[in-house]
Enquirer: 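To start, I am sharing the structure in question, which I have written as C-alpha cells.
Residue numbering restarts at 1 for every chain, and letters A, B, ... go by the order of the sequence lines.
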There are 2 protein chains.
Amino acid sequence: MSDGLSEKQRDILRFLEQFIAEHDYPPSIRDIQQGCSISSTSVVDYNLKRLEEKGLIRRDREVSRAIELLNRQGERRRRTVQVPLLGPIAAGIPIPTHPDSVAPLDIIELTEEQVRGKANLFALRVQGTSMIDALINDGDIVILEPRQTADPGEVVAAWIVDRGETTLKKYYPEGRKVRLQPMNSTMGPIMEDASNVQVQGRLVATIRSF
Amino acid sequence: MSDGLSEKQRDILRFLEQFIAEHDYPPSIRDIQQGCSISSTSVVDYNLKRLEEKGLIRRDREVSRAIELLNRQGERRRRTVQVPLLGPIAAGIPIPTHPDSVAPLDIIELTEEQVRGKANLFALRVQGTSMIDALINDGDIVILEPRQTADPGEVVAAWIVDRGETTLKKYYPEGRKVRLQPMNSTMGPIMEDASNVQVQGRLVATIRSF
DNA sequence: CTACTGTATATATATACAGTAG
DNA sequence: CTACTGTATATATATACAGTAG
C-alpha cells in the first residue's frame with residue numbers, strides 16, 4: 001500500500017476508530033491486542049509508536065488509554081459544538097438577550113468547522129415557507145449568531161416589536177424604514193419603522209433534510 | 001438550581017466536558033479529584049454514581065477512564081462522520097461512481113444528525129454564483145447523496161456529457177429535454193437533451209461561512 | 001536496521017471499607 | 001437516608017527488557 005503502513009498498523013487504526021465509536025473512550029493496549037489478535041502487548045506498543053511517528057495518533061506517556069486519533073494532516077480531530085435550539089421563528093417568542101439563560105428545547109450539534117470560532121450561536125426552527133427560495137423550508141433549523149445590527153441584504157432574525165414576533169428575512173434599511181424581504185417570489189416585503197425592528201441575529205448556517 | 005444537581009456535580013460535568021475537549025480521552029477519577037479540588041477519590045466516585053443514576057454519564061466498571069458523557073435525553077452523544085471533499089463543481093471533473101475509490105482533496109466532518117443515516121455522501125466545492133439565490137455562494141461546500149435520478153425541482157449535481165462538466169442546478173425534465181435551472185435571477189436555464197445529462201447526486205446539505 | 005516473542009514489573013487507577021456529620 | 005473523610009488494596013495498564021528472525 002502507498003500509505004506506508006503495515007497491515008497490522010492499518011488494522012490497529014481501524015480498531016481504534018471502531019472502539020472509540022463504540023465506547024467513546026480509547027482502548028487500552030490490551031484491548032487492542034485482543035481486538036486485533038496480536039501476540040503481545042509489546043507488539044501493540046511497537047506499532048503505536050510507529051503510528052505516532054507517522055502523525056496518525058497522539059499519545060500521552062504513562063497515562064492509561066491516552067491515545068488520540070489525528071486526521072490525515074496530523075491535526076486533532078474536531079469535536080462537535082453544542083448549540084441550543086431556542087424555539088420556533090415566525091412565532092411570538094422573543095429571543096432572549098443571553099441565550100444561556102433559558103432552557104433550550106433541544107441541543108443541536110455542529111462541528112467546529114461549521115462554527116469557525118463564532119461564539120454564542122443559537123438555533124431556531126423555521127415555521128412557514130417565506131424563505132423557500134433560499135432552500136430554507138418549513139421545519140428546517142437555522143443557526144444564528146447574535147447581532148444587534150446587520151448589513152443590507154444579510155439574512156437576519158428580526159424582532160418586530162408591536163407584533164411581538166420574530167421573523168427570518170433579508171434585511172434592507174431604507175431611510176427611517178426597514179424592508180424585510182422574504183425569499184419567496186409569491187410573498188411581498190414587510191415595511192416597518194426602523195424603531196419597530198430589532199435585529200436579533202444573523203444567519204450563519206442551515207440544517208436541512210432534503 | 002432546578003436540574004437537581006449539586007454544585008460539585010455540575011463542577012464535575014464541566015470538568016469532564018473540558019478535559020475530553022482538551023485530551024480526547026476521559027479523565028481518571030484522580031484527574032477529576034485534582035481538577036475539581038475534591039478531597040478524596042471516594043467523593044468523586046460517589047458523585048459519578050449520582051451522575052450515572054441521573055442519566056448524564058455512562059460508566060463501565062473496573063475499566064480506567066470509562067466515562068462517557070450523555071446528552072440531556074440520556075442518549076449517547078453523536079460523533080462526527082467524515083465525508084470526502086472530491087473537488088470543485090462547475091469544473092471539468094466527473095464525479096467517480098465509487099467515491100471511495102479516489103483520494104479526496106479534504107475531509108469534511110458532519111454530525112450524524114446532519115447525515116441522518118444517508119450513506120456514501122460526498123462533498124464538492126461550488127464555483128461560481130449560479131446558486132446565489134439559494135444562499136449557495138462561490139467557494140461554499142455542498143454535500144450530496146449519490147443518485148442517478150431526481151424528481152422535478154430537486155437540486156442536483158449533473159454531468160453534462162458533451163461539455164465534460166459537472167454543474168449544480170435545479171432539475172426539471174421536460175420531455176426529451178432537461179432544463180437545468182440556475183438559482184440566480186440574472187442567469188437563464190440550460191437546456192440539454194436528456195441523453196446528454198447524467199444526474200450524479202442530490203443536494204443534502206450546504207456548509208457556508210456567511 | 002524492522003518486526004516481532006514472551007515475561008516481568010512499576011504504577012496508574014477504580015474501588016472497597018470503616019468512619020463521621022447532618 | 002445524603003454527602004462526605006481518609007486509607008487501603010486489588011488489578012488494570014503501560015512499559016521495560018532480554019531475546020529471536022530476517
Enquirer: Send over the distance from A:Arg50 CZ to C:dC4 P, rounded to a whole Å.
Expert: 11 Å

Enquirer: When you check the phosphate oxygens OP1 and OP2 of D:dT2, does a side-chain N or O of B:Asn47 lie under 4.0 Å from one of them?
Expert: no

Enquirer: I need the CG-C1' distance between A:Leu48 and C:dA3, as an integer number of Å.
Expert: 14 Å

Enquirer: If you go through the side-chain atoms of B:Ser42, does one of them form a donor-acceptor pair with the base of C:dT15 closer than 3.5 Å?
Expert: no

Enquirer: Across the strands shown, which category fits B:Ser40 at heavy-atom distances under 4.0 angstrom: base, sugar-phosphate, nothing?
Expert: base

Enquirer: Are any of A:Arg61's side-chain N or O atoms less than 4.0 Å away from OP1 or OP2 of D:dA16?
Expert: yes

Enquirer: Using a strict 4.0 Å threshold on nitrogen-to-oxygen distance, state whether A:Glu154 and A:Arg202 make a salt bridge.
Expert: yes

Enquirer: Check B:Asp11 with B:Arg14, please: is the shortest side-chain N to carboxylate O separation under 4.0 Å?
Expert: yes

Enquirer: So what does A:Ser6 touch, heavy atoms closer than 4.0 Å: a base, only the sugar-phosphate, or nothing?
Expert: nothing

Enquirer: For C:dG22, which nucleotide in any strand shown is its Watson-Crick or wobble partner with both distances under 3.5 Å?
Expert: D:dC1

Enquirer: Quickly work out the A:Tyr46 OH to D:dA14 C1' distance and round it to whole Å.
Expert: 18 Å

Enquirer: Are side-chain N/O atoms of B:Asp31 and B:Ser28 paired as donor and acceptor at under 3.5 Å?
Expert: yes

Enquirer: Give a yes/no on whether any side-chain N or O of A:Arg30 is located under 4.0 angstrom from OP1 or OP2 of D:dT11.
Expert: no

Enquirer: Rounded to whole Å, please give me the gap between CG in B:Leu5 and P in D:dT2.
Expert: 15 Å

Enquirer: For B:Asp45 and D:dT7, what is the distance between atoms CG and C1' respectively, to the nearest whole Å?
Expert: 15 Å

Enquirer: Measure the distance from CD1 on A:Ile29 to P on C:dT11 and round it to the nearest whole Å.
Expert: 17 Å

Enquirer: In terms of side-chain heavy atoms of A:Val43, which of C:dT15, C:dA14, C:dC4 is nearest?
Expert: C:dC4

Enquirer: Could you check how far CD1 of A:Ile38 sits from P of C:dG6, rounded to whole Å?
Expert: 14 Å

Enquirer: May I ask you to verify if any side-chain N or O of B:Lys49 is less than 4.0 angstrom from the OP1 or OP2 atom of D:dA3?
Expert: no

Enquirer: Give none if D:dT11 has no partner; otherwise give the nucleotide forming a Watson-Crick or G-U wobble pair with it, both distances under 3.5 Å.
Expert: C:dA12

Enquirer: Does the pair B:Lys8 and B:Ser6 meet the rule for a side-chain hydrogen bond (donor to acceptor under 3.5 Å, both in side chains), with working shown?
Expert: CA-CA 5 Å; B:Lys8 201 160 274 171; B:Ser6 71; over 6 Å; no

Enquirer: Output yes when at least one side-chain N/O atom of A:Ser64 is less than 4.0 Å from OP1 or OP2 of C:dA12, else no.
Expert: no

Enquirer: Calculate the interatomic distance between B:Arg59 atom CZ and C:dA14 atom P; express it in whole Å.
Expert: 8 Å

Enquirer: Angle between ring planes, B:Tyr25 versus B:His23, binned at 30° and 60°: parallel, tilted or perpendicular?
Expert: tilted

Enquirer: With distance as the sole criterion, do the side chain of A:Thr41 and the base of D:dT15 form a donor-acceptor contact below 3.5 Å?
Expert: yes

